[in-house]
Amino acid sequence: MSDFKPRFLKPSDTSSFLDRNDTTLVESTDFIYNRHLSQTIQTQRQRLPIFNNRNHILYLLEKYQTLVLVGETGCGKSTQIPQYLIEAEWPAQIGICEPRRVAALSLAGRVADETGSLVQSETVGYAVRFDACTNKPKIKYMTEGILIREMMSDPLLKDYSVIMLDEVHERTLYTDILMGLMKKILKRRRELRLIVASATMDARDLQTYFNNTDDKMKDTAVILSVHGRQYPVTTYFVKEPIPCYVQGTVDIVLKINSSKQAGDILAFLTGQEEVDRTVRLLREHANSIEAAGKKEKFMVYPMYGSLPYHEQMNVFKRTPDGFRKVIIATNVAETSVTIPNIVHVIDCGFVKMKWFNGQTHTDSLMIMPVSKASAQQRAGRAGRVKPGHCYRLYTEEDYLKLPNTTPPEIIRSNLTYVILQLKALGIDNVLKFKFPNPPPIENIKSALEILYALDAIDIDGELTKPLGFNMAEFAVDPLYTKILLSSGDFGCSEEILTIISMLQVESIYAKPSTGNSSIKARIQKRNFEVAEGDLITYLNVFLAFAKSGYGNDFCHRNYVNYKSMKRVLEIRERLGKMMKNYNVPLISCEGDTEIVSKCLVMGLFSNAAYLHYSGVYKTVRGDIELHVHPDSVLYTITQPQWVVFCEVIHTTKLYMRDLLVIKDTWLLELAPHFYHKTTVKEC
DNA sequence: GAGCACTGC
């Protein structure tokens, strides 16, 4: 196997890899080595590829309402266009929406440098969750959710003259919602301008989508392409499909390593288990190469989201002289983390994706083929420092069959929170909302049912006052908001605040990947476990953390993730303030776990399961077979008769996560309406 | 016995 037929990309694809890269500037989350620090900032700005298009962009924005900008990584679109607009004296604010916090922060920092101003000044600022600018900067970088929030108080975005949606090709949940909302706003505010920045080939679709059909005389949307700065990347495909991409990755790494080609290697796989397995296999080879005293030595590092922080940092460290670096990563390395000095990329051609199923109300993690856009993005990771190579573990024929773009998140997501927010923005009939890609009707129906059961909407689908409106304003899942807003009446709001905050953060427990300490970690975790289940266990962990004085040493001793706990504190304080705003008294029930559990059922009642005599759990609605997730404290102890859960994830089986032990009588006592309710009229 | 990646005043 691993018989590669080298070939260049087709002309239509090569554009992204053409130009020489001699200045590396911040573009989105990508970092940053500036070889031309000695040059003036103005000279540096003028070297960017987008500079040649400066006047054309300004002209197009005079003439058209929507500019679809196809700009490849490194062209400077996210930092330069806002500055061009300010220089051309466009009035009011320029708002730029980014899918990730780090992108908003680093872009604001870069533009502050370039304009010789401070971040959070009158010129440049940013707004992300828990960290907003108070003034109104001329150029404002923000995360997507922030702009949606702002629409709630300012539906026509009157503070802005231009909105730029960045990284649209990623098609995040909020990108799609913002596109739908912007389409509406553009019709009502003809002087407003929208820039839709995408790295890929969906430009035509975007143009068609934003063209205002009321305006039959002329187009209101226009496309402009700007080339990026990348070294050429030579792409190779396998001649025949390969049976196993883990083995395939190992083989290619060894083959590159034994060839004369220098440079670090980055391989994309779909999940932690695959990454760990590949790392193990490759380390065996690396050890035997070293033991044999051969020259081609290399070091292998894993990279994935749930890896402890100090282990993640390994991928940025220099390897000792004479060692090549090999990084085996999940999709984190595609957009969120940029690993420097990569020359060879290996792409398995697959990605793990979450899909929500509205009929069963469950999420599934599925391994799917990547899109062409993704494959291109992965390949581009090889061309940042010098000409690179991308080895695709699939045939060219299969590549051509891939979809152009990743299936938008909105068609595969739980829509409860989205619909709540749309309704708060005055979109009464969600079915008529012009999504760029409409989500499946079952998912909308399922969301409306849950919202109705939670009392957030009435039988006509209207938001209830005040509960529904309050729920739309809280930045947590509606199920949890319901619990938070009920907790005052139950007299346990302090405890609930803690539990909900703990649920906002992944990986409370540190999970070392090495054998010895991973066993210790598991033993330590037992200390906090209680028979009432995971949610009360989280409460225990937090209380112990608080008692220790919120210290790092406590976390270290108990294998609790300190960074996560600090985030919990941050979120807890924020949510606490919001509770006060809604006049929910902050009181403690002083250890009465039954009160806390009952309050949790106020939101989780629809996620109830009972232990079937066959020994597995079944959902109360629908009798779907469920299992306790191995991470749950209930996995190792006698399984209780009745539970509610926060989440179901379908991997090898349907697993319930974050469980709470309940009594069946509570369901009828606390949610009598739910198990015999009718469906909402809108469906 | 199992854990794609983001995000929200």
Side-chain angles (χ1 to χ4, degrees), chain A residues 28-29 97-104 126-134 142-153 167 170-178 268-277 302-308 329-337 348 350-355 363-368 370 374 377 406 409-410 412-413 417-418 420-421 424 471-478 480-481 504-509 511 513 518 522 567 570-571 573-578 581 627-632 635-636 647 649-653 655 657-658:
Chain A
S28 124
T29 50
C97 294
E98 298 290 331
R100 279 171 296 281
R101 293 164 62 101
V102 274
Y126 63 81
V128 297
R129 188 196 198 189
F130 300 137
D131 193 2
C133 49
T134 42
M142 61 195 129
T143 39
E144 294 166 330
I146 297 279
L147 193 67
I148 293 177
R149 301 255 130 207
E150 289 187 4
M151 287 178 183
M152 286 185 191
S153 52
E167 313 279 3
E170 289 183 26
R171 298 300 294 269
T172 67
L173 188 58
Y174 285 115
T175 305
D176 275 35
I177 297 164
L178 278 176
F268 288 98
L269 293 171
T270 70
Q272 181 181 326
E273 194 266 340
E274 283 172 14
V275 168
D276 286 340
R277 188 148 48 100
M303 179 72 207
Y304 44 79
S306 61
L307 204 65
T330 62
N331 230 24
V332 270
E334 192 181 304
T335 46
S336 311
V337 179
C348 75
F350 288 88
V351 66
K352 209 176 268 189
M353 241 187 256
K354 214 172 179 179
W355 284 79
D363 277 313
S364 300
L365 266 181
M366 300 206 295
I367 294 175
M368 311 258 307
V370 294
S374 253
Q377 175 83 12
T406 310
E409 205 182 347
I410 199 157
R412 46 190 182 88
S413 292
Y417 190 49
V418 167
L420 198 63
Q421 284 193 309
M471 281 166 81
E473 276 172 35
F474 263 75
V476 291
D477 188 297
Y480 300 150
T481 313
Q504 300 305 300
V505 173
E506 289 158 57
S507 61
I508 289 295
Y509 303 108
K511 279 189 164 181
S513 53
S518 77
R522 241 179 299 164
R567 183 126 177 94
E570 211 176 66
I571 293 170
E573 192 175 341
R574 196 75 200 196
L575 291 175
K577 273 186 194 156
M578 295 193 71
N581 288 345
H627 301 264
V628 176
H629 193 280
D631 277 347
S632 168
Y635 189 79
T636 43
E647 180 178 55
I649 186 80
H650 192 169
T651 50
T652 50
K653 286 177 185 169
Y655 287 108
R657 281 211 290 225
D658 295 325

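Just so it is clear, the values below take in all heavy atoms, side chains as well, and ignore hydrogens, waters and symmetry mates. In what follows, every chain begins at residue 1, and chains take the letters A, B, ... in the order their sequences are listed. If you're wondering where the values come from, they're calculated on a predicted model, not measured in any experiment.
Set against dC4(B), dC6(B), dA2(B), the side chain of T652(A) has dA2(B) as its closest nucleotide. Nearest to the side chain of T651(A), among dT7(B), dG3(B), dA5(B), sits dG3(B). Side-chain proximity of T143(A) to dA5(B), dC4(B), dT7(B): nearest is dT7(B). Checking dG1(B), dG3(B), dT7(B) against the side-chain heavy atoms of Y635(A) singles out dG1(B) as nearest. Comparing dG1(B), dT7(B), dC4(B) against the side chain of Y174(A) picks out dT7(B) as the nearest. The side chain of Y304(A) approaches dA5(B) more closely than any other nucleotide in the set dT7(B), dA5(B), dA2(B).
With sequence neighbours excluded, the residues that form a side chain to side chain donor-acceptor pair (under 3.5 Å) with E144(A) are T172(A), T175(A). Listed by chain and number, the residues in a ring pair (Phe, Tyr, Trp, His ring centres under 6.0 Å) with Y655(A) are H629(A) (sequence neighbours excluded).
Residues C348(A) and T270(A) are in side-chain contact: their nearest non-hydrogen atoms beyond the backbone lie under 4.5 Å apart.
Rounding to whole angstrom units, CD of residue E170(A) and P of dC4(B) are separated by 19 Å. Put simply, CD1 on I146(A) is 18 Å from P on dC6(B), counting in whole angstrom units. Across the protein-nucleic acid pair, R171(A) atom CZ and dC4(B) atom C1' stand 19 Å apart, rounded to whole Å. Counting to the nearest Å, the P atom of dC4(B) and the CD atom of E274(A) are 9 Å from each other. Between the CZ atom of R574(A) and the C1' atom of dT7(B) there is a distance of 15 Å, given to the nearest Å. In this structure, CG of D176(A) is placed 14 Å from C1' of dT7(B), rounded to the nearest angstrom. Atom CD of Q377(A) is separated from atom P of dC6(B) by 14 Å (rounded to the nearest Å). Rounding to whole angstrom units, CD of residue E506(A) and P of dA2(B) are separated by 19 Å.
Using a 4.0 Å heavy-atom criterion, one finds that E409(A) contacts the bases of the nucleic acid, with or without backbone contacts as well. Note on I367(A): nothing from the nucleic acid sits closer than 4.0 angstrom, heavy atoms only. Residue contacts shown for V351(A) are absent, as no nucleic acid heavy atom lies under 4.0 Å away. E273(A) comes within 4.0 angstrom of a base, heavy atoms only. Among the atoms of the strands shown, none is found under 4.0 Å from any heavy atom of M366(A).
Here the OG1-OH distance, from T330(A) to Y304(A), works out to 9.5 Å after rounding to the nearest 0.5 Å.
Nearest-nucleotide positions on DNA chain B place R412(A) closer to the 5' end than the other of E150(A) and R412(A). In this structure, G305(A) and K653(A) both approach DNA chain B, and ranking their closest nucleotides by distance from the 5' end singles out K653(A).
At a threshold of 4.0 Å, the pair R567(A)-E506(A) does not count as salt-bridged, since none of the basic side-chain nitrogens sits closer than that to a carboxylate oxygen. A salt bridge is defined here as a Lys NZ or Arg NE, NH1 or NH2 lying under 4.0 Å from an Asp or Glu carboxylate O, and R171(A) with D176(A) meets this definition.
Using a 4.0 Å cut-off, some side-chain N or O of Y655(A) falls inside it from OP1 or OP2 of dA2(B). The shortest distance between the side-chain N/O atoms of H629(A) and the OP1/OP2 oxygens of dG1(B) is not below 4.0 Å. The side chain of T330(A) places an N or O atom within less than 4.0 Å of a non-bridging phosphate oxygen (OP1 or OP2) of dA5(B).
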